[in-house]
Asks: 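What follows is a structure written as structure tokens; I'll ask about it next.
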Amino acid sequence: MADEKLTPQSENFSEWYNQIVQKADLADYAPVRGCMVVKPYGWALWENIQQALDKRFKATGHVNAAFPLLIPMSFFEKEKEHVEGFSPELAVVTHGGGQPLEEPLVVRPTSETIIGYMYSKWVKSYRDLPILINQWGSVVRWEMRTRLFLRTLEFYWQEGHTVHATPEEAQAETRLMLDTYYDFAVNEGAVPVIRGRKSETEKFAGAISSWSIEGMMRDTRALQSGTSHYFGQNFSKAFDIKFLNQKNELEFAYTTSWGMSTRFIGAIIMTHGDDQGLILPPRLAPIQLVIIPIYRDDAEQSAVMPVVERVRQTLAETFRVHVDARDGLTPGFKFNDWEMRGVPLRIEIGPKDVEKNSVALARRDRPGKAGKTFISQEALVPAVSEALKDIQASLLARAIAFRDEHIFDVQNYAELTDAVQKGWAFAWWCGDPACEARVKEDTRATSRCIPLDQPGGKGVCVVCGKSASEKVYFARAY
RNA sequence: CGGGGCGUGGCUCAGUCCGGAUAGAGUGCACGGUUCGGGUCCGUGAGGUCGGCGGUUCAAAUCCGCCCGCCCCGACCA
């Protein structure tokens with residue numbers, strides 16, 4: 001329940017975020033440090049995200065399966081970089097049934113190892129390939145500093161794990177899923193993201209290359225919102241995933257993995273939200289429009305409610321509709337309440353509307369009376385349809401404009417250090433981790449990704465001055 | 001894990017420095033009435049072992065010790 005005013009973004013963005021998560025009824029703190037409870041409204045949003053992604057996975061030939069939560073500790077020791085990357089954040093089960101376990105079990109922080117083990121049993125021939133499996137579930141990583149949705153000890157996600165006969169095919173898969181995430185983020189979430197390759201220091205533990213989509217939040221910090229990894233034969237060698245190729249030669253397979261998590265809810269919040277609360281993109285919003293009946297007494301109520309019900313039924317055939325019939329709350333209160341929850345459209349129906357056969361239609365992305373129009377009840381379905389599309393497009397356009405205003409094409413180190421204080425820096429970089437490290441040391445900004453879209457040509461590294469053939473984004477990140 | 005802050009009805013907090021009687025306020029919640037086109041108003045009521053454990057004291061929300069948790073800022077990460 002939206003009981004009090006929100007801390008303005010400009011005053012304290014962190015505080016704004018923490019408050020909105022709770023006031024918009026998305027999630028709450030669990031009794032264990034760093035864990036969250038996703039509340040029904042937040043979960044409904046997640047379900048819409050899941051559906052939009054799952055539809056895309058299925059459309060590209062993937063199938064869902066489920067692998068176990070507990071993984072033998074020894075599995076993690078099979079891939080050197082993987083264990084080094086994950087061991088600091090593993091939760092380990094040492095007892096079961098009141099007895100110490102012979103081998104400790106790790107609560108999965110990601111499932112490459114257990115899935116790799118299974119794949120080694122399943123893959124015998126090139127005819128078994130490709131394997132294109134996705135899993136919806138949760139994982140546990142013992143993070144030090146946590147925030148609801150952005151970093152919790154346990155989080156919900158999907159992880160795709162695929163096996164291919166050739167490096168080219170596996171690389172194409174990695175890229176396909178990166179593009180899938182991009183399409184989802186932009187077209188469903190209205191979250192403009194930049195696709196790119198991770199630097200050596202930023203890539204996934206055990207990957208040959210990692211790719212990500214990076215979004216800019218309204219405090220200009222970057223949020224990695226989805227990742228896709230190419231493993232080459234790293235995991236197939238560690239887990240002995242071999243197949244006979246068409247020439248009857250035994251060969252290690254090529255694997256990939258890719259994931260997107262409840263963190264994306266954080267991206268939606270911090271991309272679109274304002275000082276009134278959440279703003280949800282219509283395509284993902286659990287409630288696309290809320291109807292608020294307005295009446296003063298029983299007579300007006302009995303005149304208004306049948307119209308409300310008729311309008312609700314008409315709209316519910318096409319849209320996700322909710323009627324706020326709570327008694328004893330003023331309309332004004334309800335307006336604010338649903339604005340806090342980010343519902344894209346609001347319809348008000350009162351005595352005047354009953355008389356004039358109209359409704360008031362208010363857009364969440366245009367606060368106050370500016371976003372309010374009166375339309376006839378007959379024209380409602382096309383008007384709502386139009387408005388939702390327009391809101392979806394406006395949110396994206398606004399986020400793109402904000403992002404582009406805060407990306408600075410920098411030519412030297414001084415410009416870079418300045419740029420990362422007020423946005424992202426786009427800079428030539430030689431690829432040397434030492435240059436990356438220096439930027440981080442000096443500014444706390446890290447390399448986010450080397451974008452797919454490159455200007456071409458050559459330049460000089462803004463850190464060391466050596467020749468550079470690629471440009472990279474540096475930003476402070478979540 | 002280092003630095004800082006905080007822990008008192010559901011929530012936000014006062015009271016703690018300087019120990020003392022039935023521990024307060026606002027908000028929320030329940031009920032009744034009133035109101036309702038941008039956060040109505042009035043009344044009645046429920047709700048707290050003052051984060052936990054231990055110590056000092058005739059007496060602890062208040063002083064001391066230990067522990068736990070949360071938030072903010074750093075080192076690490078989806």
Side-chain angles (χ1 to χ4, degrees), chain A residues 1-7 12-15 17-19 22-23 28-35 85-89 109-110 138-159 181 198 201-205 210 212-215 222-229 257-267 276-277 292-298 300-301 304 324 326-340 346-354 356 358-360 362 367-372 374 440-441 444 446 476-478:
Chain A
M1 169 77 72
D3 46 357
E4 278 173 30
K5 285 227 163 67
L6 201 55
T7 298
N12 184 342
F13 193 82
S14 272
E15 190 55 31
Y17 178 85
N18 291 337
Q19 288 180 7
Q22 292 195 74
K23 287 179 190 290
D28 201 354
Y29 293 99
V32 175
R33 177 195 77 86
C35 292
F86 279 104
S87 57
E89 50 190 53
T110 179
S138 68
V139 287
V140 170
R141 299 179 186 178
W142 217 262
E143 301 289 351
M144 293 171 189
R145 205 175 129 203
T146 59
R147 299 191 69 192
L148 295 179
F149 292 118
L150 300 176
R151 175 164 297 104
T152 45
L153 296 199
E154 180 184 15
F155 60 89
Y156 301 88
W157 76 343
Q158 58 69 217
E159 46 179 326
Y181 289 149
K198 286 295 197 180
T201 37
E202 294 287 329
K203 78 178 190 191
F204 182 84
S210 286
S212 71
I213 52 171
E214 303 278 335
L223 183 71
Q224 178 175 310
S225 306
T227 49
S228 187
H229 312 290
S257 80
W258 27 275
M260 200 164 192
S261 74
T262 37
R263 176 181 250 196
F264 193 73
I265 292 175
Q276 301 306 310
I292 300 185
I294 292 157
Y295 49 81
R296 270 172 303 216
D297 49 39
D298 289 352
E300 286 186 353
Q301 183 174 10
V304 163
D324 188 349
R326 288 178 293 177
D327 208 3
L329 293 174
T330 63
F333 180 90
K334 292 178 180 178
F335 298 167
N336 285 283
D337 197 30
W338 291 105
E339 280 168 9
M340 182 67 79
R346 178 182 74 235
I347 285 174
E348 304 165 19
I349 301 177
K352 289 178 219 162
D353 299 299
V354 173
K356 289 189 264 182
S358 66
V359 303
K369 296 204 164 85
K372 210 187 260 196
F374 293 88
K440 187 173 183 181
E441 176 81 25
R444 283 194 233 148
T446 51
R476 291 160 301 137
Y478 276 98

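Order of the sequence lines fixes the chain letters, A, B, ..., with proteins taken first and strands second; residue numbering starts at 1 for each chain.
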Asks: Taking a pair as Watson-Crick or G-U wobble with both distances under 3.5 Å, which nucleotide is matched to B:A75?
Replies: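 Partner of B:A75: none.
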Asks: Is a donor-acceptor pair below 3.5 Å formed from side chain A:Asp337 to base B:G39, judging by atom type as modelled?
Replies: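 By the distance-only test, no, there is no pair.
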Asks: Atom pairs, N/O to N/O, protein against nucleotides 40-47 of chain B, distance under 3.5 Å?
Replies:
from  : atom 1 : to       : atom 2 : distance (Å)
B:U40 : OP1    : A:Thr330 : OG1    : 3.4
B:U40 : OP2    : A:Thr330 : OG1    : 2.3

Asks: Looking only at side-chain N and O atoms, does A:Gln19 offer a donor or acceptor that is under 3.5 Å from a partner on A:Thr7?
Replies: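 A:Gln19 and A:Thr7 do have a side-chain donor-acceptor pair below 3.5 Å.
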Asks: Look at all strands and tell whether A:Glu300 reaches a base, only sugar-phosphate, or nothing, counting heavy atoms closer than 4.0 Å.
Replies: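 Nothing, no nucleic acid heavy atom in range.
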Asks: So which one's nearest nucleotide on RNA chain B is more toward 5', A:Pro351 or A:Ala477?
Replies: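 Comparing both residues, the 5'-ward one is A:Pro351.
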Asks: Say whether, by atom type as modelled, one donor and one acceptor occur between the side chain of A:Tyr181 and the main chain of A:Gly259 under 3.5 angstrom.
Replies: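 Side chain of A:Tyr181 to backbone of A:Gly259, a donor-acceptor pair under 3.5 Å: yes, one is there.
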Asks: For B:C18, give the paired nucleotide (Watson-Crick: N1-N3 plus N6-O4 or O6-N4; G-U: N1-O2 and O6-N3; both under 3.5 Å), or none.
Replies: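 Its partner is none (no Watson-Crick or G-U wobble pair with both distances under 3.5 Å).
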Asks: Please determine, for B:G37, whether a Watson-Crick or G-U wobble partner exists with both distances under 3.5 Å, and give it or none.
Replies: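 Pairing partner, where one exists within any strand: none, as none qualifies.
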Asks: Sort out the partner of B:A30 for me: Watson-Crick or G-U wobble, both distances under 3.5 Å, none otherwise.
Replies: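 Pairing partner, where one exists within any strand: B:U44.
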Asks: Counting heavy atoms from C-beta on, name the nucleotide in B:G38, B:C36, B:A78 closest to the side chain of A:Ser261.
Replies: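 Shortest atom-to-atom distance from the side chain points to B:A78.
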Asks: Kindly indicate whether the side chain of A:Arg346 and the base of B:G38 share any N or O donor-acceptor pair separated by less than 3.5 Å?
Replies: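 Check passes, donor-acceptor contact within cut-off.
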Asks: Looking at A:Lys369, does any N or O in its side chain come under 4.0 Å of the phosphate oxygens OP1/OP2 on B:G38?
Replies: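 Checking A:Lys369 against B:G38: at least one side-chain N or O falls below 4.0 Å of OP1 or OP2.
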Asks: Check whether A:Gln158 reaches the backbone of A:Met260 with its side chain - one donor and one acceptor, N or O, closer than 3.5 Å.
Replies: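 Confirmed, A:Gln158 side chain pairs with A:Met260 backbone.
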Asks: Between A:Lys334 and A:Asp324, is there a donor-acceptor pair closer than 3.5 Å when you use the side chain of the first and the backbone of the second?
Replies: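 Confirmed, A:Lys334 side chain pairs with A:Asp324 backbone.
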Asks: Base, sugar-phosphate alone, or nothing: which one does A:Thr152 contact when heavy atoms must sit under 4.0 Å apart?
Replies: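 Base contact - A:Thr152 has a heavy atom under 4.0 Å of at least one base atom.
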Asks: Using a cut-off of 4.0 Å between protein heavy atoms and nucleotide atoms, how would you tag nucleotides 67-72 of chain B 5' to 3' with B, S and -?
Replies: --SSSS
Asks: When you compare the side chains of A:Ser257 and A:His229, does any donor N or O come within less than 3.5 Å of an acceptor on the partner?
Replies: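 Looking only at side-chain atoms, A:His229 and A:Ser257 do not form any donor-acceptor pair under 3.5 Å.
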Asks: Reckon A:Lys198 touches a base, only the sugar-phosphate, or nothing at all at heavy-atom distances under 4.0 Å?
Replies: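 If one applies the 4.0 Å heavy-atom cut-off, A:Lys198 turns out to touch nothing in the nucleic acid.
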Asks: Using modelled atom types only, decide if a donor and an acceptor are shared between the side chain of A:Tyr17 and the backbone of A:Leu148 within a distance under 3.5 Å.
Replies: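 Present.
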Asks: Look at A:Lys198 together with A:Glu214 and state whether they make a salt bridge at an N to O cut-off of under 4.0 Å.
Replies: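 Yes, A:Lys198 and A:Glu214 are salt-bridged.
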Asks: So what does A:Gly259 touch, heavy atoms closer than 4.0 Å: a base, only the sugar-phosphate, or nothing?
Replies: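 Result for A:Gly259 = nothing.
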Asks: Mind checking A:Leu150 for me? I need base, sugar-phosphate or nothing, with any heavy atom below 4.0 Å counting as a touch.
Replies: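 Touches a base.
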Asks: Establish, yes or no, whether a centroid distance under 6.0 Å links the rings of A:Phe204 and A:Phe86.
Replies: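 Under 6.0 Å, so yes.
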Asks: Can you figure out which of B:A78, B:C76, B:G37 approaches the side chain of A:Lys440 most closely?
Replies: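 Of all the options, the side chain of A:Lys440 is nearest to B:C76.
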Asks: Rounded to whole angstroms, how far apart are CZ on A:Arg326 and P on B:A30?
Replies: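 To the nearest whole Å, that distance equals 11 Å.
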Asks: If we take the P atom in both B:C66 and B:A78, what is their distance in whole Å?
Replies: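 Pairwise P distance, B:C66 against B:A78, rounds to 37 Å.
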Asks: Is it the case that A:Arg346 places NZ or CZ above or below the six-membered ring of A:Phe335, under 6.0 angstrom from the centre and within 45 degrees of the axis?
Replies: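 Pair A:Arg346/A:Phe335 counts as cation-pi.
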Asks: Reading RNA chain B from 5' onward, which residue's closest nucleotide shows up sooner: A:Asp327 or A:Tyr478?
Replies: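 Result: A:Asp327.
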Asks: Taking pairing as Watson-Crick or G-U wobble with both contacts under 3.5 Å, can you name the mate of B:G7, or confirm there isn't one?
Replies: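 Check on B:G7: paired to B:C68, both distances under 3.5 Å.
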Asks: Test your reading of the model: is there a side-chain donor-acceptor pair from A:Thr262 to the backbone of A:Phe149, 3.5 Å cut-off?
Replies: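 Judged by distance alone, no pair lies under 3.5 Å.
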Asks: Roughly how many Å is it from CG in A:Asp324 to C1' in B:G39, rounded to a whole number?
Replies: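 Computing the A:Asp324:CG to B:G39:C1' distance gives 13 Å.
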Asks: Check the distance between B:C1's P and A:Glu143's CD and give it to me in whole angstrom.
Replies: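 Between P of B:C1 and CD of A:Glu143: 15 Å.
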Asks: Roughly how many Å apart are B:C42 and B:A23, using the P atom of each and rounding to a whole number?
Replies: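 Straight-line distance between the two P atoms is 28 Å.
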Asks: Under the salt bridge (charged side-chain N to carboxylate O under 4.0 Å, His left out) rule, collect the residues that match up with A:Glu202, sequence neighbours excluded.
Replies: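 Only A:Arg448 meet the salt bridge (charged side-chain N to carboxylate O under 4.0 Å, His left out) criterion with A:Glu202.
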Asks: Just to be sure I understand the rule, does A:Glu348 reach a base, reach only the sugar-phosphate, or reach nothing, if contact means heavy atoms closer than 4.0 Å?
Replies: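 Counting heavy atoms under 4.0 Å across all strands, the contact made by A:Glu348 includes a base.
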Asks: Any idea which of B:G39, B:G37, B:A78 is nearest the A:Thr227 side chain?
Replies: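 Closest nucleotide among those given: B:A78.
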Asks: Using a cut-off of less than 4.0 Å, is there contact between a side-chain N or O of A:Lys23 and OP1 or OP2 of B:G28?
Replies: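 False: A:Lys23 side-chain N/O out of range (4.0 Å or more) of B:G28 OP1/OP2.
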Asks: Between B:G51 and B:U34, how far apart are the two C1' atoms, rounded to whole Å?
Replies: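 Looking at atom C1' only, B:G51 and B:U34 are 42 Å apart.
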